[in-house]
Each structure stands twice: as C-alpha cells, then as structure tokens.
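Step one of this worksheet: look at the structure below.
Throughout, residue positions are numbered sequentially from 1 according to the sequence presented. Order of appearance sets the numbers: ligands from 1, and atoms from 1 within every ligand.
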Amino acid sequence: MSFLMKNPKCLKRTQVEVRSLIGKKGFLKEYDVQNLTYLKAVIKETFRLQPIAPLLLPRETLQKCKIGGNEVPAKSFVYVNAWEIGRDPQAWENPEEFCPERFIGSRIDYKGQHFELIPFDAGRRICPGMHIGATTVELALANLLYKFNWEMPSGINEKDRDFDVLSGLTTHKKNDLTLVARKVDDYLL
Ligand code: HEM
C-alpha cells in the first residue's frame, strides 16, 4: 500500500484490474487472484524493492571456498543481500523506480530460478511457505483495493509518506502508514 499510495497511477491500474475482473462478486477468493496479472506484478515489484528478509538467513561455510573470486575461510558467516540484489543496476533498468510494468511479459519470478529476485531465497532452503505467503499477500491486497478507495488523511503530504524501516531480521515499517478507507457501495462495483 505504501508503494501504491506513492504511485497513484499504479494504484488506479491495480484497482481497475481487480474491479473489472471480479465485477459484482462481492469478495475475492484464492482462485480469483490467479488472473490478476498487474496486481501480481505490483507484489513482485514490492518484493524486489523491499524484501521482507533483506539479508535472507545467514549461512556458515563448512569448509574454505571461493565466492565471486574471494577466498572465504571455513566457519564464516555468509549473508546474501537480497535487498541490494533487487536494486542492482546490472540486473534492473532504473532499479530505484517502482515500476510493476517491468514484470508484464517478463519470465522473471521469485520462485528461485531467477537470482536477481530472491525474496524467498533459492535452492534447497527456499522458503517452504512461499506459495501460501505470496497468495496471502495477493488476496489481502486485492480485497482491500476491491472494497475501498484509499486516500491520504488531510494534513499529510508527499514527504510524510516514508519507507523507513526498523532494523531487524525482517522488515517492519518504522512509521505507520495511516490512510483513509472509503467503502465503495456494492452497486458501484
Ligand atoms: C511473503 C511471505 C514470506 C516471505 C517473503 C518469506 C521468506 C522467507 C525467507 C527469505 C526464508 C529464508 C530462506 C533461507 O535463506 O534459508 C524463509 C524461510 C522459511 N519460511 Fe518463509 N517467507 C514467507 C512466508 C512464509 C509462510 C507463510 C510460512 C509458513 C506457512 C513460511 C515458512 C518458512 C519456513 C519453515 C522457513 C525455514 C525453511 C528452512 O530453513 O529450510 N514462510 N522464508
């Protein structure tokens, strides 16, 4: 929601997609979100810019090895910086820009096959809850956008919408995102 409030055109496009696909159905179920291409792209773009575990989980090397040409002694802690990888200019065009469109028609996904996008990590220890995690986020966002129109409270302006996070293994917003939700009458949907 923070990224969408900062990018009203993306908010509008996501909302139009959700409402036109779901029509007057009243509530979205898990199987509905499979057809929400743009909303899925919004979530991928959010995972790219703001991975929930920015350094994934640390690993300890069992024996000395080489990573990217560097000698790493045995019993070293190794961190993979998913946050930095998601903003790598060699992998992404305009990496700092929130642009869900970059995923439309792209094969890049977060399922561990594309190392430029690894919010759930990759390989043997990839998050086993990846599908339920992503679906839960998709479903919650889709229903929030379906049922409500969203506005900034009066007196809050552009510069108050920050992306500061608290330090920790997982990302939590430092300052709450406070929004005004206006319920859309069913007959208007
Ligand atoms: C959007 C939601 C989620 C994200 C971004 C996420 C991300 C991650 C990441 C980055 C790891 C560390 C992988 C590693 O480097 O070892 C992990 C591990 C794990 N996640 Fe998730 N996760 C999410 C939701 C869930 C859910 C819903 C469940 C359970 C229902 C779950 C269960 C686990 C478990 C059990 C591990 C440890 C796996 C292992 O050590 O082999 N996750 N997750």
Side-chain angles (χ1 to χ4, degrees), residues 1-7 10-11 14 17-18 27-68 70 72-88 91-92 95-96 98-100 102-104 106-146 150 163-177 179:
M1 284 303 286
S2 295
F3 282 115
L4 289 180
M5 293 311 291
K6 194 108 184 167
N7 297 275
C10 300
L11 172 63
T14 320
E17 181 188 60
V18 173
F27 197 79
L28 281 95
K29 297 272 176 59
E30 286 84 344
Y31 48 81
D32 293 318
V33 296
Q34 296 320 312
N35 299 316
L36 298 172
T37 313
Y38 192 74
L39 179 130
K40 282 173 173 283
V42 164
I43 287 165
K44 278 187 200 171
E45 183 67 338
T46 306
F47 284 158
R48 178 183 75 81
L49 283 168
Q50 206 65 266
I52 289 163
L55 298 177
L56 306 178
L57 287 185
R59 297 280 180 267
E60 192 184 66
T61 53
L62 297 173
Q63 55 196 41
K64 77 171 183 189
C65 60
K66 268 194 173 179
I67 301 179
N70 301 304
V72 181
K75 298 195 94 37
S76 302
F77 274 119
V78 177
Y79 289 86
V80 176
N81 192 340
W83 189 92
E84 189 70 42
I85 292 170
R87 292 167 188 251
D88 181 355
W92 302 100
E96 299 298 326
F98 181 79
C99 177
R102 71 175 82 237
F103 289 108
I104 305 290
S106 159
R107 294 185 57 220
I108 297 178
D109 212 333
Y110 47 66
K111 295 176 184 159
Q113 305 298 313
H114 304 101
F115 296 137
E116 60 272 59
L117 186 68
I118 48 167
F120 296 95
D121 207 347
R124 269 193 300 180
R125 303 306 290 264
I126 193 170
C127 171
M130 175 173 65
H131 291 292
I132 189 173
T135 307
T136 306
V137 177
E138 289 165 3
L139 197 55
L141 181 66
N143 274 307
L144 287 174
L145 296 181
Y146 177 63
W150 296 91
F163 290 84
D164 296 349
V165 293
L166 297 169
S167 58
L169 199 65
T170 51
T171 307
H172 295 271
K173 272 182 83 63
K174 185 172 171 195
N175 305 306
D176 292 340
L177 174 71
L179 299 176

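At the shortest separation from atom 27 (C) of ligand 1 among protein heavy atoms lies Ile132 CG2, 3.6 Å. Looking from atom 10 (C) of ligand 1 to the surrounding protein, the closest heavy atom is Pro119 O, 3.3 Å. Summary of contacts: the protein heavy atom closest to atom 13 (C) of ligand 1 is Arg125 O, 3.3 Å. The protein heavy atom nearest to atom 15 (O) of ligand 1 is Asp121 OD2, 2.3 Å. Of all protein heavy atoms, the one lying nearest to atom 16 (O) of ligand 1 is Arg59 NH2, 2.6 Å.
Close approach of ligand 1 to Ile52 (heavy-atom distance below 4.0 Å) involves ligand atoms 1 (C), 5 (C).
With Val80 as the partner, the side-chain contact (heavy atoms from CB on, under 4.5 Å) test is satisfied by one option alone out of Ile67, Leu55, Ile118: Ile118. Screening Phe98, Phe47, Trp92 for a ring pair (Phe, Tyr, Trp, His ring centres under 6.0 Å) involving Phe103 leaves a single residue, Trp92.
Around atom 21 (Fe) of ligand 1, the protein N, O or S atoms closer than 2.8 Å are Cys127 SG, listed by chain and residue number.
Side-chain contact between Asp164 and Asn175 is present, with heavy atoms from C-beta onward closer than 4.5 Å. Between Glu116 and Asp88, the closest side-chain pair of non-hydrogen atoms is not below 4.5 Å. With contacts defined as side-chain heavy-atom distances shorter than 4.5 Å, the pair Arg59/Leu57 qualifies. Leu145 places a side-chain heavy atom less than 4.5 Å from the side chain of Trp150.
For the pair Thr171 and Pro51, the tightest heavy-atom approach, listed with the atom from each and the gap, is OG1-O, 3.0 Å. For the pair Val33 and Lys40, the tightest heavy-atom approach, listed with the atom from each and the gap, is O-CE, 3.3 Å.
With a heavy-atom cut-off of 4.0 Å, Glu138 does not touch ligand 1 at all. Under 4.0 angstrom from ligand 1, the non-hydrogen atoms of Leu57 come from both its backbone and its side chain.
Formation of a donor-acceptor pair under 3.5 Å by the Thr61 side chain with backbone atoms of Ser76 is found in this model. For the pair Arg48 (side chain) and Pro95 (backbone), a donor-acceptor distance under 3.5 Å is present.
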